[in-house]
Peer 1: 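Can you keep this structure in mind? I'll have questions shortly.
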Amino acid sequence: MGYACYEITRNGEKIEAGYSVETVCEEDGCTEQIDRGLAHLCGAMPGGDEYGCGGYYCSHHLYGGIGPAEGLCKRDSKRWEEESEGAVSGA
Ligand SMILES: [Zn+2]
Ligand SMILES: [Zn+2]
């Protein structure tokens, strides 16, 4: 029981997720062996949410997160950076 293995819907497609599910980092060209646990998730919710795309990445390809999303991929962390730059001026 728990978060070892569960089914999620991502982009209309059902996939298995959880820390017992082995996969490869989804960054282009990266072959790092990871699992689909929350530690590797982009965003806070499996399947994607307002923070991240729901992809799974190795530690090299997850960056500082926003709020409840502890890790974000390159694209999403950049997006949040740009949005927060617009809100915070003169920092
Ligand atoms: Zn992402
Ligand atoms: Zn990677």
Side-chain angles (χ1 to χ4, degrees):
M1 285 301 286
Y3 297 116
C5 184
Y6 45 89
E7 206 171 62
I8 60 166
T9 304
R10 190 177 73 171
N11 299 329
E13 185 191 350
K14 281 199 171 174
I15 62 167
E16 296 221 300
Y19 59 75
S20 72
V21 180
E22 291 184 358
T23 189
V24 173
C25 174
E26 294 182 23
E27 183 68 28
D28 279 350
C30 184
T31 56
E32 198 80 27
Q33 198 70 40
I34 56 167
D35 60 68
R36 287 191 178 146
L38 294 177
H40 297 289
L41 178 69
C42 171
M45 286 286 293
D49 57 17
E50 62 182 300
Y51 302 102
C53 58
Y56 293 91
Y57 298 90
C58 72
S59 55
H60 302 289
H61 294 118
L62 275 182
Y63 302 87
I66 301 282
E70 286 177 22
L72 295 173
C73 72
K74 195 161 61 185
R75 288 162 291 276
D76 288 310
S77 68
K78 193 160 188 291
R79 179 170 62 89
W80 277 100
E81 224 167 72
E82 284 169 0
E83 283 183 15
S84 59
E85 263 171 32
V88 183
S89 61

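Please read these numbers as outputs of a predicted model, since none were measured by experiment. Start at 1 and go down the list; that is how both ligands and their atoms are numbered. FYI, side chains are in, hydrogens and waters are out, and symmetry mates aren't considered; it's all heavy atoms of this structure.
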Peer 1: Strictly under 2.8 Å, is the Zn ion (ligand 2) approached by any N, O or S atom of His60?
Peer 2: no
Peer 1: How wide is the angle at the Zn ion (ligand 2) between SG of Cys58 and SG of Cys30, to the nearest 10°?
Peer 2: 110°
Peer 1: Can you name the N/O/S atom of His61 that is nearest the Zn ion (ligand 2)?
Peer 2: ND1
Peer 1: Working to the nearest 0.5 angstrom, can you tell me the gap between Arg79 CZ and Leu72 CG?
Peer 2: 8.0 Å
Peer 1: Can you give the angle Cys53 SG - the Zn ion (ligand 1) - Asp76 OD2, rounded to 10°?
Peer 2: 110°
Peer 1: Does Ile8 share a hydrophobic cluster with Val21, counting links as ILVMFWY side-chain heavy atoms below 4.5 Å and allowing steps through other members?
Peer 2: no
Peer 1: Is it the case that the side chain of Asp76 and the backbone of Cys53 share a donor-acceptor pair, with hydrogens and angles ignored and the cut-off at 3.5 Å?
Peer 2: yes
Peer 1: Could you tell me whether Glu27 and Lys74 make a salt bridge, using a distance below 4.0 angstrom between a side-chain N and a carboxylate O?
Peer 2: yes
